[in-house]
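In each ligand, atom 1 is the first atom listed, and ligand 1 is the first ligand listed. If you're wondering where the values come from, they're calculated on a predicted model, not measured in any experiment.
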Amino acid sequence: MKEKDFIPKTYSKTLNSGNVTWSSPSNIALVKYWGKKEDQIPTNPSISFTLDTCKTTTKLSYLEKVNSDDFSLEVFLEGEKKDDFKPKIFTFFKRIEKYLPFLKNYHFKIETTNSFPHSSGIASSASGMSALALCLMSLERSLSKIKLSDEYFMQKASFLARLGSGSASRSLEGDLIVWGEHAEILNSSNLFGVKYPFKVHEIFKNYHDTILLVDKGEKQVSSTVGHNLMNNHPFANLRFVQAHDNLSKLIKVFKTGNLNEFIAIVESEALSLHAMMMTSMPYFILMKPNTLEIINKIWSFRKETGLHVCFTLDAGANVHVLYPENEAKKTIKFINSELVAYCQNGHYICDRIGFVAKKIN
Ligand code: DP6
């Protein structure tokens with residue numbers, strides 16, 4: 001599929017008003033997306049586990065308007081009007097108008113809720129943009145003369161979500177999603193996420209992700225600024241090669257179920273991501289002292305017990321603790337007794353691998 005394949009022909013049906021609701025999962029990258037070109041094209045491929053508990057539910061209400069000169073929308077988060085969210089959605093609408101030419105014909109009310117607290121430091125842009133893209137695709141489906149296949153529907157929804165936030169392209173289906181071209185993954189694309197196509201060992205089914213909320217404050221540096229700092233970054237090209245290599249290695253690991261290899265790749269990816277931040281110009285650090293305390297505790301516990309708990313990080317101080325189902329009991333005990341003390345107000349979220357986004361009505 002190319003960009004032009006997502007430009008619709010004519011719409012035949014008319015709809016005056018209505019609403020649609022979708023619930024979309026969050027995701028955690030194992031190989032990280034860090035760096036992008038124009039139009040939200042990633043500088044390297046990434047792969048993520050879709051999550052189950054962390055999700056965003058969005059209701060999109062639409063009302064046809066007389067004047068179609070400009071976009072018209074209002075946004076609510078947890079029932080509260082959020083005018084400060086509007087610029088981001090206007091930018092998103094501008095980027096996707098070519099692919100959804102009906103956008104200026106309606107007034108939109110966007111009502112969104114997250115399963116996790118907004119102030120948890122968990123980025124809601126992936127699940128949020130994916131839920132909104134799915135709602136818009138449902139509207140397109142209702143307006144279309146031809147029947148849109150489910151495959152096209154999901155692919156275009158991921159394509160649109162990417163234009164809202166890169167990692168959102170991986171937040172529609174499960175349980176492992178690849179975004180960005182990779183030589184060994186035939187249908188991989190820079191334009192949208194695809195389901196990981198190869199064999200995945202049983203050990204990765206039901207994998208756990210306990211998210212330790214180390215710092216719930218606003219990030220000092222946004223992901224968008226961080227991505228842009230990869231342009232002219234002294235280590236950028238090597239980092240992009242490393243991401244390709246790590247994804248190649250993961251293909252083997254997913255097949256064999258070699259957890260020691262899995263841990264080495266995933267932890268190295270997390271630290272490489274933060275190393276890129278620390279070596280940008282200007283440089284910045286998103287980890288907090290408690291992030292490092294937790295990492296050291298995980299390493300000691302792993303050494304003592306031989307269990308396969310590991311960590312990953314996204315663009316913040318929170319720690320995602322990953323472990324297999326068959327070691328969950330002992331690992332949860334360790335998390336409760338040794339790690340929760342490093343969380344802000346003792347807060348954490350128990351999540352695990354999840355699956356596809358759901359239409360609610
Ligand atoms: C560190 O998708 O939030 O979580 O495309 O600018 O919206 P934008 O960035 P975003 O970047 C996420 C970066 C990451 C790694 C990842 O999820 O792959």
[X] to ligand 1: N or O pair under 3.5 Å?
X      : result
Gly166 : yes
Ser165 : yes
Ser46  : no

**Request:** List, by chain and then residue number, the residues other than Tyr283 in its hydrophobic cluster (Ile/Leu/Val/Met/Phe/Trp/Tyr, side-chain heavy atoms under 4.5 Å); write none if there are no others.
**Result:** Met281
With a cut-off of 4.0 Å, which atoms of ligand 1 are near a heavy atom of [X]?
X      : result
Lys36  : 5 (O), 6 (O), 8 (P)
Thr224 : 6 (O)
Ala29  : 16 (C), 17 (O), 18 (O)
Ala315 : 1 (C)

**Item:** Distance flag, aromatic centroids of Phe254 and Phe198, threshold under 6.0 Å
**Value:** no
**Asked** Who's closest to atom 12 (C) of ligand 1 heavy-atom-wise, of His227, Glu269, Gln40?
**Response** His227
**Request:** Closest by any non-hydrogen atom to atom 16 (C) of ligand 1: pick that one out of Arg162, Met129, Lys32, Arg170.
**Result:** Arg170
**Prompt:** Checking Lys104 against Phe71: charged group under 6.0 Å from the ring centre and within 45 degrees of the axis?
**Reply:** yes
**Request:** Find out whether Asp175 and Lys205 are in side-chain contact, i.e. whether some heavy atom of one side chain is under 4.5 Å from a heavy atom of the other.
**Result:** yes
**Asked** Heavy atoms, side chains only, cut-off 4.5 Å: are Leu163 and Phe93 in contact?
**Response** no
**Item:** Contact partition for Ile28 relative to ligand 1, non-hydrogen atoms under 4.0 Å
**Value:** neither
**Request:** Evaluate the criterion side-chain contact (heavy atoms from CB on, under 4.5 Å) for residue pair Thr312 and Asp209; output intermediate values, then yes/no.
**Result:** CA-CA 9 Å; Thr312 188; Asp209 178 4; 6.0 Å; no
**Message:** The test is ring pair (Phe, Tyr, Trp, His ring centres under 6.0 Å); show your working for Phe204 and Phe262 and say whether it passes.
**Reply:** CA-CA 10 Å; Phe204 295 107; Phe262 176 77; 5.0 Å; yes
